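Below you'll find the structure, written out as structure tokens, and then a few comments.
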Amino acid sequence: MLKLLLIMGVLLFNIAGFSQDKPNIIVILTDDMGFSDIQTFGGAGIPTPNIDRLAKEGTKFTQYYSAAPICSPSRTSILTGMFPAKWNFTTFLNDRKSNGAAEQANYLNVNAPSMAKILKRGGYVTGHFGKWHMGGGRDIKNAPNFDKYGFDEHISTYESPDPDPIITATNWIWSPEDSIKRWDRTRYFVDKTLDFLKRHKGKPCFVNLWPDDMHTPWVPEVDFRFTGKFPMDPEEEKAFQMVLKEYDKQIGRLLDGIKKMGIEDNTIIIFTSDNGPLPSFRGSRSGGLRGTKLSLYEGGVRMPFIAKWPGHIPAGKADDVSVLNSTDLLPTLADIASVELPTNYQGDGEIRTSVLLGSPSQRKKDMYWEYGRNQHAFNYPKGKDKSPNLAIRSGKWKLLVDYHRNNAELYNMEKDKFETTNLAGQYPEIVKELKQKVITWRTYLPELTPERANPAR
């Protein structure tokens, strides 16, 4: 009888929401943060003590790659665990005319896999706070809302199906009329995240915290009051430094809030960026890596990446060996959360749980990139940062080539992460093998117009 009462007590304890076996998961996706913007990744500019604190309390990975050098497809890769070109995204979402010219979808198909949907089926409460940019905004009025992708709650910006009027007083990314000023956006999103975690304490929570203020225009608070006339160029380095300082401060508020709630030890925090920086200020924001946002060279796709989970992910460690990809997040986090993937799921990522938990390992799957489907979408940077529009990394080798052209570039990433020496002429067999792989991959990608990609619902 006593045993039965104890079992019933445990069940009631769990039902009441006071017991939580699965960890909370927070994915912080910074907008346009370069590889070395933060000090722990070699930044020599503004101190970032709070983000550095994440690295001291967790592990930083120096070979993490975004699956795209620009926002909409990179975000799609995280949500779906698939290379974004498979869902008809190869550049940023714009208006209908521009999307049609770029041969891509107007919004992410609701039938696409979704990390939120998968974790929700595993008992998670799900929230998205920040930039979306996978449908909605401009003249895309029929984009599906957040619940169609598995989110219970959301607060988002202009480039979404349901922009928050407090931060979108006008039909654009930022306005002086916004109730929450641009320099206070990350504070607002952090407040919403902490409130979400507090209200659902005792239940496993999955949160996308995706701030957008590190993307231009940089609008810092100046002299503690905005007069309606911005006092500095919103693309100058001083404005960037001021915004980064405030951004770091708000990440500190998030960490302190989680600790104060008593959920720090059962919360996984992932910190990374969607793509490389622009402007890069003479390459200083990319740690000397070649390329910027809009480029398939390392500066456009190799991102800072930090993972923290006290007692599980080693503290103060740097992993320079393991190669990670944004498509790995969905299967890895689902594995950590003991949530089964759908039986028909065919993702492009690998389960890298053991890597996060401190055992570096080589990658098995190749990584593929396509940026831009035609000349309309080839918004490359100029000069040496302008890359071909296809790329593959296989082991230590990275090959870049334009579709339908014979201009392959080959780099040994173990010896030449700065991509200074094209070895294509020295290793023709490797070029032949990798070029065949990436061209075959590209050939079988969907050829869709926005209407075919997003039929009437």
Side-chain angles (χ1 to χ4, degrees), residues 32-36 63-74 76-77 83-85 89-92 102-104 273-303 323 325-327 366-427 430-431 433-443 445:
D32 287 11
M33 175 168 273
F35 182 82
S36 64
Q63 292 201 74
Y64 167 85
Y65 289 86
S66 172
I70 197 166
C71 48
S72 300
S74 66
T76 297
S77 72
F83 294 128
F89 291 109
T90 58
T91 187
F92 75 99
E103 300 177 48
Q104 67 174 3
S273 174
D274 60 346
N275 48 249
L278 193 69
S280 68
F281 302 129
R282 306 161 301 281
S284 63
R285 298 183 58 198
S286 299
L289 297 173
R290 181 178 179 181
T292 65
K293 176 181 179 178
L294 315 179
S295 171
L296 293 179
Y297 293 123
E298 295 290 280
V301 292
R302 190 189 285 217
M303 300 293 101
V323 176
N325 188 273
S326 54
T327 59
D366 294 337
M367 300 186 296
Y368 294 88
W369 290 269
E370 179 186 19
Y371 171 59
R373 187 58 60 92
N374 56 42
Q375 290 299 320
H376 174 82
F378 285 178
N379 298 315
Y380 292 108
K382 297 178 181 180
K384 69 181 183 65
D385 290 337
K386 180 178 180 180
S387 74
N389 82 306
L390 296 176
I392 176 176
R393 177 159 176 184
S394 182
K396 67 182 181 180
W397 296 107
K398 179 180 176 184
L399 179 134
L400 303 95
V401 67
D402 278 315
Y403 194 48
H404 293 317
R405 290 188 64 189
N406 188 28
N407 61 338
E409 300 176 23
L410 180 69
Y411 300 99
N412 182 334
M413 301 313 299
E414 291 182 356
K415 297 181 178 180
D416 185 20
K417 68 179 181 179
F418 300 109
E419 294 168 298
T420 60
T421 306
N422 180 3
L423 301 174
Q426 298 181 39
Y427 298 95
I430 293 174
V431 170
E433 176 189 354
L434 295 186
K435 183 179 177 182
Q436 183 176 15
K437 278 186 175 184
V438 73
I439 295 298
T440 300
W441 174 77
R442 168 61 182 86
T443 300
L445 290 176

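These numbers were taken from a predicted model, which means no experiment stands behind them.
Note that OG1 of Thr91 is 8.0 Å distant from NE2 of His376, once rounded to the nearest 0.5 Å. For the atom pair CD (Glu419) and OG (Ser387), the distance works out to 9.0 Å, reported to the nearest 0.5 Å. Taking OG of Ser295 as the start and CD1 of Ile70 as the end, the distance is 11.5 Å to the nearest 0.5 Å. Taking CG of Asn389 as the start and CG of Asp402 as the end, the distance is 5.0 Å to the nearest 0.5 Å. The CZ atom of Arg285 sits 7.0 Å away from the CG atom of Asp32 when rounded to the nearest 0.5 Å.
Proximity of the aromatic rings of Trp397 and Tyr427 is defined here by a centroid distance below 6.0 angstrom, and this criterion is met.
A donor and an acceptor atom, one from each side chain of Glu409 and Tyr411, are located under 3.5 Å apart. Judged purely by distance below 3.5 Å, without hydrogens or angles, the side chains of Lys435 and Asn406 pair a donor atom with an acceptor atom. Residues Ser280 and Ser286 bring no donor and acceptor atom of their side chains to less than 3.5 Å of each other.
Within the structure, side-chain hydrogen bond (donor to acceptor under 3.5 Å, both in side chains) contacts touching residues 64-74 (residues at least two apart or in different chains) are Tyr65-Glu298, Tyr65-Arg302, Tyr65-Arg393.
When atom types are taken as modelled, the side chain of Thr327 and the backbone of Ser77 share no donor-acceptor pair closer than 3.5 angstrom. Between the Ser36 side chain and the Ser284 main chain, a donor and an acceptor come within less than 3.5 Å of each other.
Evaluation of the salt bridge (Lys or Arg N to Asp or Glu O under 4.0 Å) rule for Lys437 yields Asp366 as partners, not counting sequence neighbours. Every residue two or more places apart in sequence or in another chain was checked for a ring pair (Phe, Tyr, Trp, His ring centres under 6.0 Å) with Tyr403, and none qualifies.
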